[in-house]
Number of protein chains: 2
Amino acid sequence: MLEIKPSRQKPKQQTEPLPPAVPPAGLTIAEASRRTGVSVHTLRYYERAGLVVTVVDRTPGGRRRYHQQDLDWILMCTKLRATGMPIKTVHRYAQLVAAGHGNEEERLALMEDHRAEVAARLDELRQNLKLIDHKIDVYRGRLAAGEAEQLWAPEGRAKAG
Amino acid sequence: MLEIKPSRQKPKQQTEPLPPAVPPAGLTIAEASRRTGVSVHTLRYYERAGLVVTVVDRTPGGRRRYHQQDLDWILMCTKLRATGMPIKTVHRYAQLVAAGHGNEEERLALMEDHRAEVAARLDELRQNLKLIDHKIDVYRGRLAAGEAEQLWAPEGRAKAG
DNA sequence: GTACAATTTAGAGCGTGCTCGAAATCAAGC
DNA sequence: GCTTGATTTCGAGCACGCTCTAAATTGTAC
């Protein structure tokens with residue numbers, strides 16, 4: 001099935017607030033922090049901890065200068081972290097990536113393991129969300145009943161909750 | 001649309017491994033731990049921390065004796081914890097429940113707030129799961145290509161990952 | 001050149017949520 | 001009664017992931 005997508009005719013100017021391109025000189029750590037949402041402390045911590053596979057550029061004086069690839073990788077790290085991957089595992093992953101092609105089996109295994117964990121937690125979360133929704137229903141019900149008829153107690157010694 | 005579900009004809013005996021009923025004398029903390037999946041250390045910690053709204057029974061000598069309602073509440077706590085509700089918040093919730101009927105607005109607000117957070121994290125998790133799946137696809141693709149034709153490098157200086 | 005803000009490092013500190021330890025006490029079997 | 005193992009309290013300890021500090025250095029604006 002072929003489908004003609006309404007292509008943007010002139011992608012010259014995007015009205016989306018895309019982040020401005022990283023200047024060739026790179027970004028200060030403060031800018032990198034703004035763009036990634038990661039504090040400067042944590043940026044340095046991630047680097048120390050070996051999460052950052054790219055080698056962040058430095059000025060002659062030793063200040064970090066972040067380029068797009070650094071930001072990309074750091075954002076990747078934040079997403080892995082957001083799925084609950086421990087720092088240690090991100091570190092291992094970074095080492096595999098840094099080692100270059102040839103260890104795709106290991107990367108695959110690492111990601112598949114992690115995927116299984118994330119999927120399991122997703123299921124658990126969904127399940128527990130139902131419970132929360134049930135609780136919310138109960139309280140809304142009680143409030144509706146209470147407001148409609150103050151003196152009628154809809155439950156005598158109901159179970160707590 | 002009405003649909004006849006194949007109903008269990010005689011629900012007299014359930015073959016499911018339902019947990020045996022809690023004896024009237026109650027369960028030891030070790031048993032309660034087994035049934036809730038919460039370590040005895042953590043059971044005591046939860047009680048200390050004010051998460052347990054039910055008052056756990058004691059033997060004359062001071063040993064805890066858990067009844068079904070205790071287990072129910074503790075399991076509820078573990079589910080709230082599993083959705084990322086902090087101990088402090090579970091504690092507040094327990095206080096509201098302990099205070100009895102009349103604070104349903106507060107309970108509702110607490111649960112609604114939490115629901116929103118859980119829903120947001122669910123969305124984020126789903127989004128990030130896609131990224132993980134993408135990575136897995138990439139590695140599977142590389143492995144398939146590599147196995148099919150050892151000497152052909154499908155990418156020269158590709159971006160890291 | 002001077003002032004001032006930003007950045008550097010290594011290490012200490014902190015918040016959360018358990019997890020463990022020690023000494024005392026209790027309970028169950030013999 | 002005695003032994004043995006479970007349980008008690010409560011404070012300390014620990015793993016994790018940041019977060020902050022301090023003193024030195026660098027970069028920028030004037």
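In the text below, chain A, chain B and the rest are named by the order of the sequence lines, each starting its count at 1. Both backbone and side-chain heavy atoms feed into the values below; hydrogens, waters and symmetry mates do not.
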(request) Please tell me which of Tyr66(A) and Gly84(B) maps to the more 5' nucleotide of DNA chain C, matching each residue to the nucleotide holding its nearest heavy atom. (result) Tyr66(A)

Name all residues meeting the side chain to side chain contact (heavy atoms under 4.5 Å, CB included) criterion together with [X]; count only those two or more places apart in sequence or in a different chain, and write none if there are none.
X	result
Ser39(A)	His41(A), Thr42(A)
Arg63(B)	Thr59(B), Arg65(B)
Glu106(A)	Leu96(A), Asn103(A)
Ala49(B)	Tyr45(B), Leu51(B), Ile87(B)

(request) With sequence neighbours excluded, tell me which residues meet salt bridge (Lys or Arg N to Asp or Glu O under 4.0 Å) with Arg48(B). (result) none

(request) Could I get the full list of salt bridge (Lys or Arg N to Asp or Glu O under 4.0 Å) partners for Arg115(B), not counting sequence neighbours? (result) Asp133(A)

(message) Using OP1 and OP2 only, check whether a side-chain N or O of Arg64(B) sits under 4.0 Å from dT9(D).
(response) yes

How many whole angstroms separate atom [atom1] of [X] from atom [atom2] of [N]?
X	N	atom1	atom2	result
Arg58(B)	dT7(D)	CZ	C1'	10 Å
Asp57(A)	dT8(C)	CG	P	12 Å
Leu43(B)	dC20(C)	CG	P	14 Å
His91(B)	dT16(C)	NE2	P	14 Å
Ile74(A)	dC18(D)	CD1	P	13 Å
Ile29(B)	dA27(C)	CD1	P	14 Å
Glu47(A)	dG17(D)	CD	P	18 Å
Lys88(B)	dG15(C)	NZ	P	9 Å

(request) Can you sort out which residues in residues 30-38 of chain B have a heavy atom within less than 4.0 Å of DNA chain D? Ascending by number, please. (result) Ala30(B)

(request) Anything under 30° is parallel, anything over 60° is perpendicular, the rest tilted; go ahead and classify Tyr139(A) against Tyr93(B). (result) perpendicular

(message) Show me the pairs that pass salt bridge (Lys or Arg N to Asp or Glu O under 4.0 Å) and involve residues 73-90 of chain A, at least two apart or across chains.
(response) none

Side-chain donor-acceptor contacts of residues 118-126 of chain B below 3.5 Å, not counting sequence neighbours, with atom names and distances?
| from | atom 1 | to | atom 2 | distance (Å) |
| --- | --- | --- | --- | --- |
| Arg121(B) | NH2 | Thr83(B) | O | 2.5 |
| Asp123(B) | OD1 | Arg126(B) | NH2 | 3.3 |

(request) Name all pairs fulfilling the side-chain hydrogen bond (donor to acceptor under 3.5 Å, both in side chains) condition that reach into residues 24-33 of chain A, sequence neighbours left out, sorted by first residue then second. (result) Glu31(A)-Arg34(A)

(request) List the protein contact pattern of nucleotides 19-30 of chain D with one symbol per nucleotide (5' to 3'): B for base contact, S for sugar-phosphate-only contact, - for none; contact means a heavy-atom distance under 4.0 Å. (result) BBB---BBS---

(request) Apply side chain to side chain contact (heavy atoms under 4.5 Å, CB included) to the pair Thr36(B) and Tyr66(B), showing each step before the final yes or no. (result) CA-CA 11 Å; Thr36(B) 58; Tyr66(B) 289 83; over 6 Å; no

(request) Describe, as an angle rounded to 10 degrees, how the axis at the first end of the helix from dG1(C)-dC30(D) to dC30(C)-dG1(D) is tilted relative to the axis at the last end, five pairs per end. (result) 10°

